[in-house]
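Fair warning: this is a prediction, and the values are worked out from it, not measured in the lab. Each ligand, and each atom within it, is numbered from 1 in the order the structure gives.
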Amino acid sequence: MDWLYWLAVLTIAYFVVCIYLILTGDCDIILYLFTKYGKKPDVLRGKVVWITGASSGIGEYLSYELAKAGCRLCLSARRKEELERVKKQCLLSGKTTEENILVLPLDVLKLESHTAAFGDVCKKFGQVDILVNNAGRSQRAAWEKTDLLVDRDMLELNVIAVLSLTKTVLPSMLDRHDGHIVNMSSVAGKIGAPLSGSYTGAKHALQGWFDCLRVEVATRGVSVTSICPGPVFSNILSTAFTENHGEELGGAMKTGEKRMSTERCAELCAVAMANKLDEVWLSNNPVLFFLYLNQYFPNLAKIVSKRMGLNIIKKIREGQQ
Ligand SMILES: NC(=O)c1ccc[n+]([C@@H]2O[C@H](COP(=O)([O-])OP(=O)(O)OC[C@H]3O[C@@H](n4cnc5c(N)ncnc54)[C@H](OP(=O)(O)O)[C@@H]3O)[C@@H](O)[C@H]2O)c1
């Protein structure tokens, strides 16, 4: 019976360590272990990384992180002057040079421009090693008041544009038997984020689409990473969709709110990329704990969220709890 005793002790110890890491951590346990013992972002040196939404927030800070790692970068978004500012900041790190950064203004909603844009990146760098589909907008709106046109705009930006750009770049990666697609999903791609119904739907769709692609291309040299951040400091509240078609929320985040810093988010994203992890969760608590609860006890998580009510959920999301 001795071995049974030790099996029980080891099992209990394993769960205690896991719960400790979840309650004190800011990312899932696997990613945490990779930050300690995995490859560092330096392994990405020389890789050509095309980042959409690089003019602000997570995409901007990920650009800094990858510039430090010595990547060759193509920075895309609509606002050219903001991209130039990000480029300048990348150069200040001293770890990259002018010829390693291409500023490529792109409205991802203009699907017909994707092929030409890809051509521009290839003309400059020869190929795209890593595509980071990061451009996106969030939402604050009650489900029943949301105009169907908002749902459609959300899907076009956060899903269809991502599919289109990926379909543009993927064939060349498959030909080379080498490539990496990285999607900026969200915690809302894993669990429902009440008062962001269209956003939740879009990020869940992204997860579904790319969970299939990951397996289909697994033996053909292409990896797919889904990054699921919780609340992170950025400008996302300013451009978030509302319930009304064509409207932007115009909100702002306040310092002191309980959100992950953009720098930390970018650091974790870079580790996930360096180690080609399939899916990573980045969030402070209580959101991280709730993600695990939902993963392993989905029925309990549904009961808890209904009991918590909208006010508490709203406070957690806005970094006030
Ligand atoms: N911040 C969070 O709490 C959080 C949490 C989970 C997931 N995310 C995800 O992280 C990603 C980045 O968001 P963020 O928080 O960093 O927000 P952000 O600061 O508002 O950045 C959004 C980026 O997307 C670009 N963009 C928007 N519409 C575009 C278009 N039509 N064409 C090209 N680029 C476009 C913006 O650039 P231009 O305006 O210059 O075009 C900007 O660079 C999004 O996919 C978001 O869903 C964010």
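- Within a 6.0 Å sphere centred on OH of Y292, other residues, nucleotides and ligands contribute more than 12 heavy atoms.
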Open item on the list: D211 vs R214, test: salt bridge (Lys or Arg N to Asp or Glu O under 4.0 Å). Steps then yes/no.
Closed with: CA-CA 5 Å; D211 278 351; R214 178 181 298 116; 2.8 Å; yes
TODO: May I have the step-by-step check of salt bridge (Lys or Arg N to Asp or Glu O under 4.0 Å) for R259 and E318, ending in yes or no?
DONE: CA-CA 8 Å; R259 298 173 193 273; E318 304 309 344; 3.3 Å; yes
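- Protein residues lining ligand 1, listed by chain and number: G53, A54, S55, S56, G57, I58, A77, R78, R79, L106, D107, V108, L109, N134, A135, G136, L157, M184, S185, S186, Y199, K203, P229, G230, P231, V232, S234, N235, I236 [non-hydrogen atoms, distance under 4.0 Å].
- N134 pairs by the side-chain hydrogen bond (donor to acceptor under 3.5 Å, both in side chains) definition with nothing, not counting sequence neighbours.
- Listed by chain and number, the residues in a side-chain hydrogen bond (donor to acceptor under 3.5 Å, both in side chains) with S223 amount to none (sequence neighbours excluded).
- When hydrophobic side chains of Ile, Leu, Val, Met, Phe, Trp and Tyr are connected at separations under 4.5 Å, I12 ends up clustered with V16.
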